[in-house]
Amino acid sequence: MKILRTVRELREALAEPRAAGAAVGMVPTMGALHEGHLSLVRAARAENAVVVLSIFVNPTQFTEAADLAAYPRTEETDAALAASAGVDIVFAPDAAEMYPAGYATTVSVRGPITETLEGAGRGSAHFDGVATVVSKLLLAALPDAAYFGRKDAQQLLVVQRMVADLGIPTRIVPCPTLRDADGLALSSRNARLSGEDRARALAIPRALEAVSAAVLSGETGVAALRARAGEVLIASDLEVEYLAFVDPDTLEEVATAERPVLCAIAARAGAVRLIDNVLLGRDPERREED
Ligand code: AMP
């Protein structure tokens, strides 16, 4: 496995396999790798001859300096995990490689998909940072396919919109959310949870399970579903930022779950901000064209 630091090295390394017709799969990450990331690597491994994993803690998508400073950086362990999962190339540029002196371009996806949920909570700069860095990473590697987790459902939508709008010739492949045995969605931020906060954080998957169960048993009123989730969250003492029931494609609020609905939660457990979601009323592994 190679570890490359510059776009130039990355392009050089990919030139030969690409000329030979090898498919390239890319998994963009911010490092502190866990099984969730590795599941994306496995999906990429299954479909491509060459797998590139990028590790870049992108400063422009952080809207809180403290969050950026506290973000875990574990490159050595990451490299070992990436190698064992079958990654061929780790692309780990520094900030100056991605944003050299004089850098002045922002990719900004506009409209409800960036204004609501995370966009409302963290500010529009967050998704500008995401769209900009993902477009730069995809243009650096020009992969045939890139793999993103449904855990960040809104990010996935933003990336899909951006790739379609800019005509980037990469297929975006959504991958399911991996969870710990207790239901908590795997996240690099979980490492910062105290034991008590982690126990509190379990209310997030429990609330999502409660609404899923309610929909399965025939409840379609969002007010009733919100009340079900609310009971679980209030009991937990989490600081809930949003509990949203939205159209999974437009992220606009909905009043009923007669059609598929994305239920998304953001909450703070201690100093750690967590997000999670579940798709109600549709097989989450639906194909994109469905
Ligand atoms: P991050 O390093 O947090 O920026 O995440 C990199 C990629 O891994 C994104 O596409 C995430 O959606 C995905 N990811 C993060 N956590 C999980 C998880 N628990 N299950 C599946 N994918 C995940």
Side-chain angles (χ1 to χ4, degrees), residues 25-46 51-64 67-68 70-75 77-79 81-82 85 87 90-93 98 113 117-118 122 126-138 141 143 145-163 170-193 198 201-202 204-205 208 248 262 264-266 272-279 284-285 288:
M26 185 173 209
V27 179
T29 81
M30 297 204 298
L33 299 184
H34 51 66
E35 273 300 314
H37 298 115
L38 300 182
S39 71
L40 307 190
V41 169
R42 286 186 200 106
R45 186 72 282 166
V51 174
V52 180
L53 175 113
S54 64
I55 297 178
F56 181 60
V57 182
N58 176 35
T60 66
Q61 74 189 67
F62 283 82
T63 46
E64 290 174 30
D67 191 24
L68 172 61
Y71 203 84
R73 289 161 174 85
T74 58
E75 198 186 297
T77 330
D78 289 350
L81 285 170
V87 168
V90 168
F91 177 53
M98 296 301 278
I113 66 165
L117 308 180
E118 293 298 286
R122 301 176 72 176
H126 170 63
F127 284 120
D128 285 355
V130 168
T132 301
V133 80
V134 173
S135 58
K136 283 177 64 69
L137 291 168
L138 295 181
Y147 298 77
F148 290 85
R150 290 195 189 279
K151 158 139 189 316
D152 300 279
Q154 188 173 14
Q155 169 173 283
L156 172 61
L157 269 186
V158 171
V159 168
Q160 287 171 322
R161 184 76 260 156
M162 180 274 289
V163 162
T170 295
R171 184 166 53 92
I172 301 302
V173 183
C175 300
T177 301
L178 250 76
R179 299 176 179 281
D180 264 334
D182 57 12
L184 190 66
L186 296 178
S187 164
S188 306
R189 292 190 163 87
N190 293 355
R192 289 170 47 213
L193 288 169
R198 194 195 150 92
L202 290 180
I204 298 171
L208 295 173
L262 184 75
I265 295 175
V272 183
R273 186 176 183 280
L274 298 169
I275 60 170
D276 199 351
N277 67 81
V278 69
L279 191 60
E285 287 322 297
E288 279 320 280

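Keep in mind that this is a model prediction, so the values were computed, not measured. Just follow the structure's listing: the first ligand is 1, and inside any ligand the first atom is 1.
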Distance-minimising heavy-atom pair for Tyr147 and Gly25: CE1-CA, 4.1 Å
Partner of Val87 by side chain to side chain contact (heavy atoms under 4.5 Å, CB included), out of Leu33, Leu38, Val41: Val41
Please report the closest heavy-atom contact between Arg122 and Thr63, naming both atoms and the distance. O-CG2, 2.8 Å
Please find the pair of heavy atoms, one from Met162 and one from Ala131, that lie closest to each other, and give the distance. CE-O, 3.9 Å
For a distance cut-off of 3.5 Å, show me each N or O of ligand 1 paired with any protein N or O, plus the separation.
residue: ligand 1; atom: 2 (O); partner: Met30; partner atom: N; Å: 2.9
residue: ligand 1; atom: 2 (O); partner: His37; partner atom: NE2; Å: 2.9
residue: ligand 1; atom: 5 (O); partner: His37; partner atom: NE2; Å: 3.4
residue: ligand 1; atom: 10 (O); partner: Gly149; partner atom: N; Å: 2.9
residue: ligand 1; atom: 12 (O); partner: Gly149; partner atom: N; Å: 3.2
residue: ligand 1; atom: 12 (O); partner: Gly149; partner atom: O; Å: 3.2
residue: ligand 1; atom: 12 (O); partner: Asp152; partner atom: OD2; Å: 2.6
residue: ligand 1; atom: 16 (N); partner: Leu186; partner atom: O; Å: 3.3
residue: ligand 1; atom: 19 (N); partner: Leu178; partner atom: O; Å: 2.9
residue: ligand 1; atom: 19 (N); partner: Leu186; partner atom: N; Å: 3.4
residue: ligand 1; atom: 19 (N); partner: Leu186; partner atom: O; Å: 2.8
residue: ligand 1; atom: 20 (N); partner: Leu178; partner atom: N; Å: 2.8

Identify the two heavy atoms, one from Leu156 and one from Pro174, that lie closest to each other, and give their separation to 0.1 Å. CD2-CB, 3.6 Å
If every non-hydrogen atom of His37 is compared with every non-hydrogen atom of Thr29, which pair is closest and at what distance? CD2-CG2, 3.7 Å
